[in-house]
**Q** 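Below you will find the structure I want to go over with you.
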Amino acid sequence: MSRAAAAAARAALAPRGVPACPLARIASTFGAVGRVRHIPAMSEQIFEGHKAVSIARLPQHVGQEVLVQGWLYNMRSKGKLHFLQVRDGTGIVQGVVAKGELPDADFEVAGTLTQESSLRVVGVVRADARAPGGVELGVRRVALVHRSEPFPIAPKEHGTGFLMENRHLWLRSRKPSAILRVRDEAIRAIRDFFHEREFLCVDAPIFTPNACEGTSTLFQVKYFDDLAYLTQSGQLYGEATAMAMGKIYVFGPTFRAEKSKTRRHLTEFWMIEPEAAFYDLDDVMVLAEDFVSTIVRRVLENRREDLKILERDIAKLEPAANTPYPRITYRQAAARLHEKGVPFTDGDDFGAPQETAISDDYDRPVLVHRWPAAIKAFYMKRDPQDPSLALGVDMIASEGYGEIVGGSQREDDLKLLQERVAHENLPMDAFQWYLDLRRFGSVPHGGFGLGLERTLAWICGVEHLRECIPFPRMLYKIYP
RNA sequence: UCCCCGAUAGCUCAGUCGGUAGAGCAAGUGACUGUUAAUCACUGGGUCGUAGGUUCAAGUCCUACUCGGGGAGCCA
């Protein structure tokens, strides 16, 4: 179909009173689409002749009479006026219900609405400087879909324990909704980032026959007549796939059964693990800073309103949208800790206080590389300049949010890797397939893992990791 | 596994020296044509986490347990 013919077809199909090309609006919201080769059938919801419009897109419909479908977030009444705060997941808009401007029966219904009642509202979109979102709705019809029972979460202060017990309902509130939208943006930024750089999305298994790194406590499950574990990392499988496809990433859930009871831990979280053949440690570090800065940039570009709802100090986030990120060695970091008087024993891993002290020196995340091999995983390659060091790198987020990336160049020599497996008392048989990767065309390679929820907690500036996933799984907590 | 803190109305909390249970908000009713967590008036609302102990008397003191929160270790 020629471009002109496509335009004509679009014009013919476009409903009255809306712009001729709905795809143009989608393109502007979701990023550029290529040449439009066909016009998809879009699901449209009509009520009494009015087309449903999401609250986020109301500013594009000023002057039009539209349908909004959603839930009552809050209501205030003033005499013969009702102010309905209606939410639909994309935003909140105020509907002004004035007696005389709609059927009396609808006015009466509006007056008796309870919080979180579901409803359809038809009204005229009008720009109003007093409205927080810039527009409000002059209501012409109110149709109750379901009258809500008293809603447990009043627009008031609540404790985190109570809110988490009602997580299925709390998701409807402003802050959780904003975080879910930022999460969606970050996930799409991640997929776009890797696609643009020719990394293929592959999936690693969730059931695994053995502990990947042999260290963490894992969830045990019955696997027919055997035992299996829920994966703690897709990395080893990622390495195998990278030897097949060159550059890949694994994006999936990860499970840890450790009894960590802090705001920085979940038992189920999402991890993104790129792995690339022919990458050395420097390549891994460049990739990591490029990656994290891209996620930050995308959220700043497309989800600024949500960051405002979250009261995020954007000035503190903006430097992280630019590369390069500072890089220091473990030894330099250790020296700096001593300089600052932070308690620390050389050779140890960093705990939360050490991470915070290191990151406080910079306005963006910092990469700490070349760690003592003794405290790092068996698969990390030794530094040829100093075999006591592993070619590993951690990225520590700013403002005390801690480690968000852990990565390394992998050991690609069969003999050395076998020695490491033996030294760590790992089951050699279970690792034969992994060792095969060093038998058949072994190459230098590396990658890292990024914890999605920790990254989101930092970007959103929220205190608790559990707020960054719709239904968090934590120590002893699995409801709702 | 260890350390610290907490549990009183639907929610957030106060409750003095041990002496018969309080507030704000929410809910219900009513008033008000520009409210932004509206305001005002009235109304209803309690097995003080559970079990035991001390005492004439326990929300309050003691012990154990349960649940929740924070942290250490471990990790992303």
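Chain letters run A, B, ... following the sequence lines, proteins first and then strands; every chain starts at 1. If you're wondering where the values come from, they're calculated on a predicted model, not measured in any experiment.
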**Q** Below 3.5 Å, does any donor atom in the side chain of A:His265 face an acceptor in the base of B:C75, or the other way round?
**A**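 A donor-acceptor contact between them is present.
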
**Q** If I take atom CG in residue A:Asn74 and atom P in nucleotide B:C25, what distance separates them, rounded to the nearest angstrom?
**A**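 The answer, rounded to whole Å, is 14 Å.
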
**Q** Taking CD1 from A:Ile92 and C1' from B:A37, how many angstroms apart are they, rounded to a whole number?
**A**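 Nearest whole value for this atom pair: 12 Å.
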
**Q** For the C1' atoms, the ones on B:G22 and on B:C4, what distance do you get once it is rounded to whole angstrom?
**A**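 Looking at atom C1' only, B:G22 and B:C4 are 30 Å apart.
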
**Q** How far, in whole Å, is B:A58 from B:G52 if one measures between their C1' atoms?
**A**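 Straight-line distance between the two C1' atoms is 13 Å.
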
**Q** Could you check which nucleotide pairs with B:U36 in any of the strands shown, counting Watson-Crick or G-U wobble with both distances under 3.5 Å?
**A**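 B:U36 is paired with nothing.
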
**Q** Classify the side chain of A:Glu463 versus the base of B:G70 as yes if they form a donor-acceptor pair under 3.5 Å and no if they do not.
**A**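 Not at all, since no donor on one side and acceptor on the other fall under 3.5 Å apart.
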
**Q** For A:Gln115 and B:G10, give me the distance from atom CD to atom C1', rounded to whole Å.
**A**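 The answer, rounded to whole Å, is 12 Å.
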
**Q** So what does A:Ala352 touch, heavy atoms closer than 4.0 Å: a base, only the sugar-phosphate, or nothing?
**A**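 Since only primed, P, OP1 and OP2 atoms lie under 4.0 Å of A:Ala352, the category is sugar-phosphate.
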
**Q** Return the pairing partner of B:U66 with a 3.5 Å limit on both distances, Watson-Crick or G-U wobble; otherwise return none.
**A**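 By the stated definition (distances under 3.5 Å), B:A7 pairs with B:U66.
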
**Q** Would you please confirm or rule out a distance under 4.0 Å between OP1 or OP2 of B:G70 and any side-chain N or O of A:Arg466?
**A**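 Yes, A:Arg466 has a side-chain N/O under 4.0 Å of OP1/OP2 on B:G70.
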
**Q** Can you check the distance between B:G73 and B:U63, where both ends of the measurement are the P atom (answer in whole Å)?
**A**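 Roughly 30 Å separates the two P atoms.
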
**Q** Round to the nearest Å and state the distance from A:Leu475 atom CG to B:G71 atom P.
**A**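 In whole Å, B:G71 P and A:Leu475 CG are 13 Å from each other.
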
**Q** At under 4.0 Å between heavy atoms, which parts of nucleotides 39-48 of chain B does protein reach? Answer with one letter per nucleotide, 5' to 3': B base, S sugar-phosphate only, - none.
**A** ----------

**Q** Rounding to a whole Å, what distance do you find between A:Ile153:CD1 and B:A37:C1'?
**A**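 Distance, rounded to whole Å: 15 Å.
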
**Q** In whole angstrom, give the distance that lies between atom CZ of A:Arg147 and atom C1' of B:G28.
**A**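 Result: 14 Å.
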
**Q** Look at the side-chain N and O atoms of A:His464 and state whether any lies under 4.0 Å from the OP1 or OP2 oxygen of B:G70.
**A**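 Yes, because at least one side-chain N or O of A:His464 sits under 4.0 Å from OP1 or OP2 of B:G70.
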
**Q** Please walk me through it: do A:Phe448 and A:Tyr279 pass ring pair (Phe, Tyr, Trp, His ring centres under 6.0 Å)?
**A** CA-CA 11 Å; A:Phe448 62 82; A:Tyr279 270 42; 9.6 Å; no

**Q** In the strands shown, is B:C2 matched to any nucleotide by a Watson-Crick or G-U wobble pair with both distances under 3.5 Å, and which?
**A**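 Across any shown strand, B:C2 pairs with B:G71.
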
**Q** So what does A:Leu266 hit on the nucleic acid, given a heavy-atom distance under 4.0 Å: a base, only sugar-phosphate, or nothing?
**A**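 Result for A:Leu266 = base.
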
**Q** What contact category does A:Asp394 fall into here, base, sugar-phosphate, or nothing, at under 4.0 angstrom with non-hydrogen atoms?
**A**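 Here A:Asp394 touches no strand at all.
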
**Q** Distance check, P atoms only: B:G59 and B:U66, in whole angstrom units.
**A**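 Going atom to atom, P in each nucleotide, I get 24 Å.
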
**Q** I'd like to know if A:Gln94 reaches the base of B:U35 with its side chain such that a donor and an acceptor end up less than 3.5 angstrom apart.
**A**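 Counting by modelled atom types and ignoring angles, a donor-acceptor contact under 3.5 Å is found here.
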
**Q** How close or far is atom C1' of B:G30 from atom NE2 of A:His82, stated in whole angstroms?
**A**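 Distance check: A:His82 NE2 to B:G30 C1' gives 13 Å.
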
**Q** Check this for me: does any side-chain nitrogen of one of A:Glu311 and A:Lys175 sit under 4.0 Å from a carboxylate oxygen of the other?
**A**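 Not counted as a salt bridge, because no side-chain N and carboxylate O are separated by less than 4.0 Å.
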
**Q** Determine, for A:Arg197 against A:Asp290, whether the closest basic-nitrogen to carboxylate-oxygen distance falls under 4.0 angstrom.
**A**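 Judged by the 4.0 Å cut-off on N to carboxylate O distance, A:Arg197 and A:Asp290 do form a salt bridge.
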
**Q** Would A:Glu289 and A:Arg327 pass as an ion pair if we require N to O under 4.0 Å?
**A**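 Yes, A:Glu289 and A:Arg327 are salt-bridged.
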
**Q** Does the side chain of A:Lys259 get closer than 4.0 angstrom to OP1 or OP2 of B:U1 through an N or O atom?
**A**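 Checking B:U1 against A:Lys259, a side-chain N or O does come within under 4.0 Å of OP1 or OP2.
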
**Q** Check whether any side-chain N or O of A:Arg264 sits under 4.0 Å from OP1 or OP2 of B:C75, and answer yes or no.
**A**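 A:Arg264 to B:C75 OP1/OP2: no side-chain N or O under 4.0 Å.
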
**Q** Think A:Arg191 forms a cation-pi with A:Phe194, using NZ or CZ under 6.0 Å from the six-ring centre and within 45 degrees of its axis?
**A**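 The answer is no, since A:Arg191 fails at least one limit relative to A:Phe194.
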
**Q** On a whole-Å scale, what distance lies between the C1' atoms belonging to B:C48 and B:G15?
**A**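 That atom pair is separated by 11 Å.
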
**Q** A:Pro326 versus A:Arg364: any side-chain heavy-atom pair under 4.5 Å?
**A**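 A side-chain contact exists here, since the closest heavy-atom pair is under 4.5 Å.
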
**Q** Suppose we call a contact any N or O donor and acceptor under 3.5 Å apart; does that hold for the side chain of A:Ser260 and the base of B:G73?
**A**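 A donor-acceptor contact between them is present.
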
**Q** Under the criterion of centre distance below 5.5 Å and interplanar angle below 30°, is A:Phe269 classified as stacked on the base of B:A76?
**A**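 Yes, the aromatic ring of A:Phe269 stacks with the base.
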
**Q** Within the structure shown, what part of the strands sits under 4.0 Å from A:Arg263 by heavy-atom distance: base, sugar-phosphate, or nothing?
**A**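 Touches sugar-phosphate only.
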
**Q** Could you please name the partner base of B:G22, counting Watson-Crick and G-U wobble pairs only when both distances are under 3.5 Å?
**A**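 Paired with B:C13.
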
**Q** Measure from CZ on A:Phe151 to P on B:G28 and round the result to the nearest Å.
**A**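 Interatomic distance, CZ of A:Phe151 to P of B:G28: 15 Å.
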
**Q** So A:Leu465, base contact, sugar-phosphate only, or nothing? Heavy-atom distance under 4.0 Å.
**A**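 Result for A:Leu465 = base.
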
**Q** Is a salt bridge present between A:Arg188 and A:Asp192, judged by a nitrogen-to-oxygen distance below 4.0 Å?
**A**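 Salt bridge absent between A:Arg188 and A:Asp192.
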
**Q** Taking everything shown except A:Arg174 itself, do over 12 heavy atoms lie less than 6.0 Å from its CZ?
**A**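 Not buried by this count: 12 neighbours or fewer within 6.0 Å.
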
**Q** Salt bridge or not for A:Arg410 and A:Glu275, using N-O below 4.0 Å?
**A**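 Looking at A:Arg410 and A:Glu275, the cut-off is met.
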
